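Note that the coordinates shown come from a computational prediction; the quantities given were computed from them, not determined experimentally.
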Amino acid sequence: MALRITYETDYGINCPEAHCVISRTECFKKETFRMTYNGEIYYNEQSYLDGKTPIAGFNMEYELDINDDTNRYNIVKECYEHLKTVAGFDNSVDC
């Protein structure tokens, strides 16, 4: 599971098929459940498959809605769905 986006690095390098993967998820409970997740952005899918170094990373957080009827069998997929709502990832394609 991954997302493909168009990404421009801080150095101005355009990556028209950047490959985004979530590498870590955590859930914290205080008054509410907070999901945090981290991931890497690679130049493209081949650089990811070749074990190259990521060109960037991301850290996201959102409140987990436990009042709806959604089952939580695949929390990583839910994190990807949340990531697709974040600016810069909102035009992503599942891959």
Side-chain angles (χ1 to χ4, degrees):
M1 182 174 276
L3 298 178
R4 184 179 320 120
I5 63 170
T6 299
Y7 181 77
E8 185 172 320
T9 69
D10 294 339
Y11 300 105
I13 299 168
N14 186 33
C15 308
E17 294 186 354
H19 191 74
C20 306
V21 294
I22 293 175
S23 57
R24 181 178 179 188
T25 63
E26 292 182 296
C27 185
F28 299 95
K29 182 180 184 307
K30 292 192 178 179
E31 287 116 31
T32 62
F33 287 94
R34 301 292 302 172
M35 284 301 303
T36 61
Y37 59 96
N38 311 56
E40 289 89 30
I41 302 173
Y42 293 85
Y43 178 74
N44 59 20
E45 184 177 10
Q46 191 60 51
S47 64
Y48 169 73
L49 294 173
D50 290 345
K52 303 289 185 186
T53 302
I55 58 172
F58 54 89
N59 302 304
M60 301 293 171
E61 182 176 314
Y62 68 99
E63 186 174 325
L64 190 62
D65 183 2
I66 61 170
N67 294 320
D68 66 6
D69 291 334
T70 305
N71 61 43
R72 305 283 178 219
Y73 295 117
N74 192 339
I75 199 69
V76 175
K77 181 177 180 180
E78 186 171 316
C79 290
Y80 276 107
E81 293 299 321
H82 175 264
L83 185 59
K84 291 192 280 188
T85 68
V86 175
F89 297 91
D90 49 351
N91 289 323
S92 61
V93 175
D94 292 324
C95 56

Quiz prompt | Listed once per pair and sorted, the salt bridge (charged side-chain N to carboxylate O under 4.0 Å, His left out) pairs that draw on residues 34-54, sequence neighbours left out | solution = R34-E61, R34-E63

Self-check item: ILVMFWY network linking F28 to M35, side-chain heavy atoms under 4.5 angstrom
Solution: no

Quiz item: Going by heavy atoms in the side chains, are Y7 and Y43 under 4.5 Å from each other?
Solution: no

Practice problem: List the atom of L83, the atom of F89, and the distance in Å for their closest heavy-atom pair. | Solution: O-CB, 3.1 Å

Practice problem: Identify whether I13 and Y48 are in the same connected component of the hydrophobic contact network (ILVMFWY, side-chain heavy atoms under 4.5 Å). | Solution: no

Self-check item: Pairing residues for F33 by the side-chain contact (heavy atoms from CB on, under 4.5 Å) criterion, not counting sequence neighbours
Solution: C27, K29, L64, I66

Quiz item: Does one hydrophobic cluster hold both V21 and V93, with members joined at side-chain heavy-atom distances below 4.5 Å?
Solution: no

Exercise. Could you pull out all residues at least two apart from Y80 that satisfy ring pair (Phe, Tyr, Trp, His ring centres under 6.0 Å)?
Key: none

Quiz item: What residues, two or more places apart in sequence or in another chain, satisfy side-chain hydrogen bond (donor to acceptor under 3.5 Å, both in side chains) together with N59?
Solution: N38

Quiz item: NZ/K84 to CG/D94 distance, rounded to the nearest 0.5 angstrom?
Solution: 3.5 Å

Quiz prompt | Nearest-0.5 Å distance, CD1 of residue I55 to OG of residue S47 | solution = 7.5 Å

Quiz item: Going by heavy atoms in the side chains, are C79 and M60 under 4.5 Å from each other?
Solution: no

Self-check item: Heavy-atom side-chain contact between C20 and I41 under 4.5 Å
Solution: yes

Quiz prompt | F58, CZ: over 12 other non-hydrogen atoms inside 6.0 angstrom | solution = yes

Practice problem: Could you list the residues that satisfy salt bridge (Lys or Arg N to Asp or Glu O under 4.0 Å) with E17, not counting sequence neighbours? | Solution: none

Practice problem: Enter the distance from E81:CD to L3:CG here, rounded to the nearest 0.5 Å. | Solution: 8.5 Å

Quiz item: Do E78 and Y62 get their side chains close enough for a donor-acceptor pair, meaning under 3.5 Å?
Solution: yes

Practice problem: Output all residues satisfying salt bridge (Lys or Arg N to Asp or Glu O under 4.0 Å) with E8, sequence neighbours left out; order by chain, then residue number. | Solution: none

